[in-house]
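The chain is numbered in sequence order, starting from 1. Both counts, for ligands and for their atoms, begin at 1 and track the order of listing.
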Amino acid sequence: MSAVSRPVVFETIAEIRDTIAAERRAGRTIALTPTLGALHEGHLSHVRRTAELADIRVVSIFVNPTQFGAGEDLAKYPRDLESDLRLLGPLGVAFVFAPTEAEMYPAGPTETKITAGKIGALYEGAARPGHFDGVLTVVAKLIDIVMPDIVSFGQKDAQQLYLVRRMIDDLNLPVRVEVIDTVREADGLALSSRNRFLDAKERRAARTLSTALEAAAASADRGIDAALAAAQAVFMGEPLVKLDYFKIVQPASFVPVDDNYRGKAMAIVAATLGETRLIDNEQVYLNS
Ligand code: PAF
């Protein structure tokens with residue numbers, strides 16, 4: 001019986017850099033999937049997809065403190081490196097970069113930061129001030145450390161994806177973004193590491209987010225007001241879900257569509273169930 005391989009884990013920047021440099025000298029291409037760990041099928045779909053695109057896959061596992069605000073769930077964010085490695089091994093992931101906080105931020109949070117700008121202050125950024133500055137700064141560091149040809153990001157975090165793409169364009173970073181579709185439970189709930197915090201009642205109610213998105217998508221041919229009203233009606237029927245925002249935005253600029261907008265748009269939603277904040281999104285088509 002052959003033993004299942006296990007990714008080689010690097011904790012230091014110097015070691016992963018040396019290793020990647022050797023792979024490059026050998027002519028191999030590199031894909032990076034940045035994660036906070038607590039891996040689930042959604043993350044695994046990244047590494048399955050990047051297997052088709054690059055010779056060597058690197059997964060970074062780092063619960064980045066600078067993207068969590070005061071009072072957020074940094075301390076209770078699930079951390080289980082061994083279980084993450086058990087999931088990645090059978091999928092042939094070569095390397096895991098799992099630095100300590102001291103390795104990434106030896107002098108505390110960096111003085112130099114990437115700022116996410118106006119769009120970074122909306123939606124998730126309004127609820128979590130500074131969140132996207134922390135995300136973009138750590139993503140820029142990870143790209144600089146691993147220097148991948150391809151970096152994968154999930155469609156589920158649509159605003160993060162938008163901002164990362166814009167950073168890569170703005171700063172001319174030599175990396176291609178591969179977008180990975182959202183993986184869902186049978187009832188439509190988007191997979192998230194935070195779903196594990198939902199109790200049974202909250203878990204049942206959590207399907208409301210994807211149901212509302214579907215209702216908006218199904219009504220969008222009657223215009224934006226009809227789409228928003230359809231989503232609103234779904235939330236009215238579920239008191240456990242505290243809606244933060246439900247918006248329809250232009251994919252190219254991430255600003256809310258106006259009444260004259262026609263074409264592909266994106267419905268984005270965030271809501272809290274108990275203590276757990278969930279987000280989701282879906283493409284909608286506005287044609288009247
Ligand atoms: O989406 C995430 O898991 C995180 O925001 C990321 C991209 C790994 C940065 O810490």
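Close contacts between ligand 1 and Gln67 involve ligand atoms 4 (C), 5 (O), 9 (C), 10 (O) [criterion: under 4.0 Å to a heavy atom]. Heavy-atom contacts of Phe153 reach the following atoms of ligand 1: 7 (C) (cutoff under 4.0 Å). Residue contact check: Pro34 has heavy atoms under 4.0 Å from atoms 8 (C) of ligand 1. Against a heavy-atom cut-off of under 4.0 Å, Thr35 is close to the following atoms of ligand 1: 8 (C).
By the criterion of side-chain heavy atoms lying less than 4.5 angstrom apart, applied directly or through intervening Ile, Leu, Val, Met, Phe, Trp or Tyr residues, Leu173 is grouped together with Val179 in one hydrophobic cluster. At a threshold of 4.5 Å between side-chain heavy atoms, the hydrophobic network of Ile, Leu, Val, Met, Phe, Trp and Tyr places Met266 and Leu161 in one connected group.
Just one residue in the list Arg48, Lys156, Arg184 forms a salt bridge (charged side-chain N to carboxylate O under 4.0 Å, His left out) with Glu41, and that residue is Arg48.
The pair Asp149-Arg24 counts as a salt bridge, with a side-chain nitrogen and a carboxylate oxygen less than 4.0 angstrom apart. Contact check on Arg203 versus Asp187 returns a salt bridge, with a Lys/Arg side-chain nitrogen under 4.0 Å from an Asp/Glu carboxylate oxygen. Under 4.0 Å is where a charged nitrogen must lie from a carboxylate oxygen, and between Arg207 and Asp280 no such pair does.
Only the side chain of Val138 comes within 4.0 Å of ligand 1, counting heavy atoms alone; its backbone N, CA, C and O stay farther away. Neither the backbone nor the side chain of Phe62 has a heavy atom within less than 4.0 Å of ligand 1. At a heavy-atom distance under 4.0 Å, no atom of Val164 approaches ligand 1.
Checking Glu72 against Tyr77 by side-chain atom types alone, no donor-acceptor pair falls below 3.5 Å.
Close N/O approach between Gln160 and ligand 1 is found [any backbone or side-chain N/O within under 3.5 Å].
Annotation: atom 3 (O) of ligand 1 to nearest protein heavy atom, Leu36 CG, 3.5 Å.
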